Chemist: 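Before I ask anything, here is the structure I am working with.
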Amino acid sequence: MFDAKDFIKKSLEEIKKEVKNERVISACSGGVDSSVTSILVHKAVGKNSLTVFIDDGLRREGEPEFVVKAFENLGIKIRYVNEKIKFFTALKGKTDAEEKRKAFRHTFYSALGRVAKKQNAKFLAQGTIAADIVETVKGVKTQHNVLDQIGIDPKKYGFDIIEPLRELYKPEVRMVARELELPLEISERMPFPGPALSIRVLGEVTPDKVEISRKATKIVEEETKELKAFQSFAVLHSDKATGTKDGKRVYGNIITVRVVESKDAITAKAMKVPYETLNKIYRRITGEIPTVVRCLVDITDKPPATIEFE
Ligand code: XMP
């Protein structure tokens, strides 16, 4: 049986031993994995750590403000870094899922490399968990936060990496979060992929398309809140479909709604969402996002699908 208290004790000792008197920056997206990591590092090395939120312009609605506030409330210093333009520039023209992930990864670590240099930090702490490593090494996908396990030397970006959660799976990370007394909004937070909405906009990513997927995601999350799904979200397709709006034929966007149950994200089941809920979701999405003319529902388990579309 996993003992969260014991894990925290050992982890703090390990971080102290590894970091010594050097400085560490912690990349925090506000998800449970990176939040727990940032807090462990902060507890272990105090003033020698700085939590960093990179705003890639691809987060859910209100996410940057939420993360900054949550850390301020915990009394932990957090640095907000606006890198939106760099991410959209890096993703411009890229349509292949793996190319997009690689562009995201490179932009993300380059941004952190600049912060590390400014802060004179030797280490980057990040919330990689066991499932991230397993899937990337198996070749299921290039998880954005897995580097040295696939032969990329993090020194290229100017830091060494520490990953206190690399042996844990999601349920254990949540146990650690509860033990650390993190607010429920963080400890029970729905997983959200590192490359964020860039992999929920199929094909090329533009600010306009991200905005559509952001609005649709918000609607899906709001309407499925009571279902306690492992993940629920919206995906914007790259192709279009015919619809009618105000009595006229239009060629508009397609959104797929995906709601899944899972324990550790390694396998997942498409959830049986009540028809009334789906009906409300499609009405809200097509009503509140005028360019969307069609909503689909994904009924595929993982395997054979994956949770995300890209
Ligand atoms: P898939 O789509 O492979 O996703 O079934 C499994 C879980 O991982 C999340 N995911 C990611 N998380 N970086 C992350 O930090 C990534 O590149 C990434 N890709 C997928 C996904 O949301 C699900 O919880």
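All values below come from the heavy atoms of this structure, side chains included, with hydrogens, waters and symmetry mates left out. Counting starts at 1 for both ligands and their atoms, following the listed order. As the structure is a prediction and not an experimental result, all values here were calculated from the model.
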Chemist: Regarding ligand 1, does I307 bring an N or O atom to under 3.5 Å of one of the ligand's N or O atoms?
Modeler: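 The answer is yes, given that I307 and ligand 1 share an N or O pair closer than 3.5 Å.
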Chemist: List every atom of ligand 1 that sits less than 4.0 Å from any heavy atom of K302, numbering the atoms from 1 in the order shown and giving each element.
Modeler: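 Listed by number with element, the hits are 1 (P), 3 (O), 5 (O), 6 (C).
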Chemist: Nearest to atom 15 (O) of ligand 1 by heavy atom, A268, A97, G194: which?
Modeler: G194
Chemist: Please say which of K228, R174, R178 ends up in a side chain to side chain donor-acceptor pair (under 3.5 Å) with E188.
Modeler: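 Running side chain to side chain donor-acceptor pair (under 3.5 Å) over K228, R174, R178 with E188 returns exactly one hit, R178.
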Chemist: Can you tell which of E308, K170, Q126 gets a heavy atom nearest to atom 2 (O) of ligand 1?
Modeler: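 Among E308, K170, Q126, the closest heavy atom to atom 2 (O) of ligand 1 belongs to E308.
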Chemist: Does the N or O separation between R200 and ligand 1 drop below 3.5 Å for any pair?
Modeler: no
Chemist: Indicate whether any N or O donor in one side chain lies under 3.5 Å from an N or O acceptor in the other, for D208 and T206.
Modeler: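 Distance-only check fails for D208 and T206.
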Chemist: Below the 3.5 angstrom mark, is there an N/O of Q231, backbone or side chain, next to an N/O of ligand 1?
Modeler: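 N/O-N/O distance below 3.5 Å exists for this pair.
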Chemist: How many angstroms lie between atom CG of L58 and atom CZ of R214, to the nearest 0.5 angstrom?
Modeler: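 If we round to the nearest 0.5 Å, L58:CG and R214:CZ are 7.5 Å apart.
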Chemist: Ring-plane angle category for Y109 and Y157, please: parallel below 30°, perpendicular beyond 60°, tilted otherwise.
Modeler: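 The rings of Y109 and Y157 sit tilted, inter-plane angle from 30° to 60°.
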Chemist: Validate the cation-pi geometry between R60 and F192: distance from NZ or CZ to the six-membered ring centre under 6.0 Å, angle to the ring axis within 45°.
Modeler: yes
